[in-house]
Amino acid sequence: MKVLVIGGGGREHALVWKLNQSPLVKKLYCAPGNGGISRFAQCVPIGADKTDDLLQFSIKEKIDFVVVGPEIPLCAGIVDVFEMNKIPVFGPSKAAARLEDSKIFAKEVMIKANVPTAFHKVFTSSEEAIEYLNKKSVPIVIKADGLAAGKGAIVADTREKAKGAVKLILDDRVFGSAGDRILVEEFLPGEEASMFALSDGKTVVPLLAAQDHKRVYDNDKGPNTGGMGAYCPAPVVDPVMQERVMRLIVEPVIQQMEKEGAPYKGVLFVGLMIADNEPKVLEFNVRFGDPETQAILPLLETDLMEVFLAVHEQKLDKIKLKWKQQTALTVVLASGGYPGEYEKGIAIQGLEALDDMNKVVAFHAGTSCKGGIFYTNGGRVLNITALGSTIENAQDRAYAAIKRIYFDKMHFRRDIGNKALQRLERVTNESAGK
Ligand code: AMP
Ligand code: GLY
C-alpha cells in the first residue's frame with residue numbers, strides 16, 4: 001500500500017516509524033514531514049492544512065490510505081473530502097471532530113451522556129463573565145471555545161488573572177473567532193493523564209494511557225507548552241481505572257456521538273483529571289497526543305496499518321492489540337526560548353550516536369536536514385524515547401541518550417517520569433502500612 005501521513009511533528013514521526021514496520025506498507029509519504037521523517041518517508045512540501053493540494057497529490061500518486069495527524073485539518077473536514085473522493089482515511093469526520101473544535105459542544109455531549117466533567121458556564125459578554133467571576137472562588141479556569149493551538153485554557157489563581165483572561169479572549173480577541181464564546185470552568189484538582197481509545201463507530205478499544213508534562217520547567221513550573229515529555233503506561237491509569245474510564249466516559253461519548261448523527265471513527269484522546277480515584281474529563285482531542293504518541297507506539301506490537309484498516313473497515317472487534325511489557329519514556333528537547341520566541345537553523349550534534357543505542361529512538365519534532373546535517377526548525381526539536389523494564393530504567397536510558405546530543409541553547413525537563421516514581425513509592429508505602 002501507498003500511505004500518506006499528514007503532519008510534520010514528533011507525533012507524525014512516530015506514526016511513520018511504526019507504519020514503516022508494517023509489511024502491508026510499500027511506500028510512505030509525509031506532508032510536510034520533517035528532517036527525521038525523511039529517513040522513512042518521502043516528504044512532500046504541502047502544508048497539513050492544504051486540503052485541496054493534499055487531495056490532488058493523493059489522486060496523482062494513487063495513495064491507498066491517508067492518516068491525519070493534527071487537529072486543524074480534521075476540524076476543517078479533511079476526512080469528509082477524502083471519503084467523498086473514495087480515498088480511505090484514518091480520522092473523524094468534521095462533524096465528529098467538533099468534540100475538539102468546540103469545547104462547548106464537547107460539554108453538551110458530556111452532559112447528555114452523563115459523563116463526569118468540571119462544572120461550566122458559557123459567556124459571550126465580558127461584563128457578564130466578570131460579574132459571574134465576582135461571585136466565584138479561585139482558582140478557576142477560563143477557556144476559549146475553539147481551537148487555540150493548546151493556549152486556549154487559562155488556569156487563573158487570582159480573580160484578577162481570571163478577569164484578564166476573559167478580556168483577552170472576548171474583548172481583545174487574541175484567539176480570533178475561536179474566542180467568540182468562552183467557558184468559565186470549575187478548577188479540578190488531581191493528577192492528569194491522557195487516555196486514548198480507538199473507535200470504528202461500533203467497537204471501542206483502549207490504548208495504553210500516558211502522562212504528558214505540559215509546563216516548561218521541572219516540577220510543573222513555568223508556562224504551558226505543547227508537552228515536554230511523556231511516559232507510558234501511566235500508573236495513575238491502572239487496569240481498574242482504564243475500565244472505569246471506558247465505561248463512564250469513552251463508551252457513553254461514542255454512543256452519544258452516534259445519536260448526534262456524527263459517528264466517531266478514529267482515535268479519541270481523553271484528557272483526564274483523576275482525584276480520589278474519580279476520573280473527570282478536562283478535554284477531548286480527536287487525534288493522537290503529542291508527545292504521548294512517541295511513548296505509546298514504541299510499546300505497540302500489533303501492526304499499526306492493520307489497526308488503521310480495521311478502524312476504516314469497522315472491523316475493530318476482530319483486532320486484539322498486543323503490547324510490549326515495558327515502559328517507554330519520552331523527553332522533549334526544546335529550542336532556547338520555547339514556548340516563547342526561539343531561533344531556528346541551529347546545527348544538532350550527536351544524533352548519529354543514538355543509532356547504536358539499544359531501545360532508544362530519536363523522534364524529530366522540528367528539524368530540517370541539509371547535506372546530511374540536522375538543524376533545529378521548531379520550538380520542540382527532538383523527542384528522545386527510551387524503553388526500559390521499569391520507569392526508572394527507561395528514564396535512565398533516555399537521559400543517558402540525551403547526554404550525547406547537543407545544540408546551542410537546548411533545554412529540556414530533567415524530571416520526566418518522577419511523578420510516576422513518586423506514585424509507585426506512595427502505593428508501595430501504603431500497601432506496606434507505612
Ligand atoms: P486543555 O486545553 O483543556 O487540556 O487545558 C490545558 C491544561 O489546563 C490542562 O492540561 C490542565 O493542566 C489545565 N486545566 C484545564 N482545565 C482544567 C480544570 N477544569 N481544572 C484544572 N486544570 C485544568
Ligand atoms: N500532549 C497534549 C496534546 O497532544 O494535545
Side-chain angles (χ1 to χ4, degrees), residues 7 9-12 14-15 69-72 74-75 97 99-107 110 116-121 136-157 161-162 165 169 175 178-179 182-196 207 209-216 220-232 234 236 267-275 278-297 330-332 334 339 363 365 379-380 383 413 416 419:
R11 165 184 52 210
E12 287 75 24
L15 287 165
E71 65 276 16
I72 290 178
L74 289 168
C75 293
L99 276 179
E100 179 165 357
D101 199 22
S102 167
K103 290 185 194 289
I104 296 172
F105 172 77
K107 286 284 192 193
M110 285 190 267
T117 183
F119 179 78
H120 80 286
K121 252 178 127 52
K136 303 301 284 185
S137 56
V138 286
I140 197 155
V141 187
I142 313 296
K143 292 184 177 180
D145 175 44
L147 293 184
K151 299 195 177 101
I154 296 121
V155 179
D157 48 13
K161 270 195 202 150
I169 304 174
F175 301 126
I182 61 163
L183 301 85
V184 177
E185 191 174 289
E186 168 199 8
F187 173 83
L188 298 176
E191 187 170 352
E192 279 187 72
S194 308
M195 167 102 180
F196 299 85
L207 304 178
Q211 193 167 55
D212 189 7
H213 295 67
K214 291 232 164 83
R215 305 293 191 113
V216 69
D220 293 335
K221 298 278 186 309
N224 264 329
T225 67
M228 293 299 286
Y231 54 81
C232 173
V236 62
V267 62
L268 181 67
F269 169 158
V270 187
L272 290 170
M273 189 66 92
I274 302 173
E278 293 298 331
K280 289 189 178 171
V281 176
L282 287 180
E283 62 161 353
F284 291 118
N285 295 312
V286 296
R287 49 168 176 84
F288 284 104
D290 190 343
E292 290 93 329
T293 307
Q294 295 86 305
I296 295 173
L297 289 184
T330 300
V331 181
V332 173
F363 293 118
R380 291 189 291 176
N383 309 147
R413 274 181 65 159
I416 306 299
K419 228 182 261 176

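Just the heavy atoms: all of them, side chains too, but no hydrogens, waters or symmetry mates, feed the values below. Whatever order the structure lists ligands and atoms in, that order sets their numbers, starting from 1.
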Just by modelled atom types, is the [Y] backbone N or O under 3.5 Å from a matching donor or acceptor in the [X] side chain?
X: Thr225; Y: Lys214; answer: yes
X: Arg380; Y: Gly226; answer: yes
X: Asp145; Y: Ala178; answer: no
X: His120; Y: Val184; answer: no
X: Glu12; Y: Gly9; answer: yes
X: Glu71; Y: Glu100; answer: no

Flag yes if more than 12 heavy atoms outside Ile72 fall under 6.0 Å of its CD1 atom; otherwise flag no.
no
Can you name the side-chain contact (heavy atoms from CB on, under 4.5 Å) partners of Asp101, sequence neighbours left out?
Cys75, Leu147
For [atom], which candidate among [options] holds the nearest heavy atom?
atom: atom 16 (N) of ligand 1; options: Lys143, Glu100, His120; result: Lys143
atom: atom 7 (C) of ligand 1; options: Thr117, Ile142, Asn224; result: Asn224
atom: atom 2 (O) of ligand 1; options: Glu283, Glu185, Met273; result: Glu283

Please indicate whether any nitrogen or oxygen in Glu283 is less than 3.5 Å from any nitrogen or oxygen in ligand 2.
no
Using a plain distance cutoff, I'd like to know if Asp212 has any nitrogen or oxygen under 3.5 Å from a nitrogen or oxygen of ligand 2.
yes
Of all the non-hydrogen atoms in the protein, which one sits nearest to [atom], and at what distance?
atom: atom 6 (C) of ligand 1; result: Ala153 CB, 3.8 Å
atom: atom 17 (C) of ligand 1; result: Leu282 CD2, 3.4 Å
atom: atom 9 (C) of ligand 1; result: Glu192 OE1, 3.4 Å
atom: atom 14 (N) of ligand 1; result: Val155 CG2, 3.9 Å
atom: atom 5 (O) of ligand 2; result: Arg287 NH2, 2.8 Å
atom: atom 21 (C) of ligand 1; result: Leu188 O, 3.3 Å

Judged by non-hydrogen atoms, does Gly271 sit under 4.0 Å from ligand 2?
no
With a 4.0 Å cut-off on heavy atoms, is Gly289 touching ligand 2?
yes
Could you walk me through whether Gln211 and Val236 pass side chain to side chain contact (heavy atoms under 4.5 Å, CB included), step by step?
CA-CA 9 Å; Gln211 193 167 55; Val236 62; 4.2 Å; yes
Within ligand 1, which atoms have a heavy atom of [X] less than 4.0 Å away?
X: Phe187; value: 20 (N), 21 (C)
X: Lys103; value: 2 (O), 3 (O)
X: Val141; value: 16 (N), 17 (C), 18 (C), 19 (N), 20 (N)

Do NZ/NE/NH1/NH2 and the carboxylate oxygens of Glu185 and Lys107 come within less than 4.0 Å?
yes
Taking Leu207 as the fixed residue, which of Leu297, Val267, Thr293, Leu268 is the one that meets the side chain to side chain contact (heavy atoms under 4.5 Å, CB included) rule?
Val267
Distance-only N or O hit between ligand 1 and Lys214, under 3.5 Å
yes
Heavy atoms, side chains only, cut-off 4.5 Å: are Asn224 and Pro339 in contact?
no
With backbone taken as N, CA, C and O and side chain as the heavy atoms from C-beta onward, which portion of Arg11 lies under 4.0 Å from ligand 2: side chain, backbone, both, or neither?
neither
Numbered atoms of ligand 2 (with element) below 4.0 Å of Asn285, judged on heavy atoms
5 (O)
